[in-house]
Amino acid sequence: MKSKKDPRREIKELLAKGDLEKLLDKAAEIHGHYCSHVALGVRATYAAFRGLGIAESTGMEEILAIVECNNCFVDGIQAISGCTLGNNALIYKDLGKTAVTFINRKEKKAVRVIAKYDPDDMDKDPEGKEAMELFDRAVKKREKLAFKERERMMELWTKLSFAILKKPENAVLDVKKVKPLVMEYAPIFESIRCSVCGEDAVETRIGMKEKNPVCLECAGDTYWIVAGRGIHPVAKRIINEK
Ligand SMILES: [Zn+2]
Ligand SMILES: [Zn+2]
């Protein structure tokens, strides 16, 4: 049985060795498929860690990743850096750019990495063109592809993602040192029970109604969600509404 002392031991060893292919396999485990942007996320993390002089992240907020998009790129970053939404080491800036800034808090250093990706380059290569056409049909037009076409699409994207790992770093990434932003450590809040639904919510998401605590949803107040289109407000109860 593997040691339970460090659940990220394998990823740390792969990072130290610079084994990008195995790192991509690891990222694909949580991402669900191989694609260009998950591969770019893996490479961006590897490049930033090297730039920051760190070989590992413990997932305890010493290293922060500030991502600027919510596409496949982010899963490459979460899987390899260990900076995730759940451990508060991943911060989401809703700018819609395929970019990430890693901050090493202890050393007060930061590196910003921008993924260079030009869909026109894909068109120049026959397999790239075929991959894009299948992607457009399946994802943009939400067409139901035949089993064989779907398999072909996955095969092409897998090939493309591994090809990205072999390109020179400056062909796929723009890496620069930047001034680190000072970010607060994630505060710990108390939980308060909503007097309407009986569920607990953190104190900052509880309001008072006739002197009783009420969660945002029961109060019918506006709250924010992170969804495909980015961060946006949801007014009133739309999620559980019949
Ligand atoms: Zn993807
Ligand atoms: Zn409630």
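One-based numbering along the sequence shown. Every number for a ligand or one of its atoms is a count from 1 in the order of the listing.
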Practice problem: Take the angle between the ring planes of Y34 and F162 and call it parallel below 30°, perpendicular above 60°, tilted in between. | Solution: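 Tilted: the ring planes of Y34 and F162 meet at 30° to 60°.
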Test side-chain contact (heavy atoms from CB on, under 4.5 Å) on E10 and K26; report intermediate values, then the result. CA-CA 9 Å; E10 204 183 334; K26 283 279 165 202; 3.4 Å; yes
Practice prompt. Using the ring of Y185 (Phe, Tyr or Trp, six-membered ring only), decide whether R105 places NZ or CZ under 6.0 Å from its centre and within 45 degrees of its axis.
Written response: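 Yes - R105 lies over the ring of Y185, closer than 6.0 Å to its centre and within 45° of its axis.
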So the angle subtended at the Zn ion (ligand 2) by C218 atom SG and C194 atom SG, rounded to 10 degrees, is 110°
At the Zn ion (ligand 1), SG of C35 and NE2 of H33 open up to roughly (10° bins) 120°
Evaluate side-chain contact (heavy atoms from CB on, under 4.5 Å) for Y117 paired with T98, printing each intermediate quantity in order. CA-CA 9 Å; Y117 177 82; T98 306; over 6 Å; no
Answer key: the N, O or S atom of H31 nearest to the Zn ion (ligand 1) is NE2
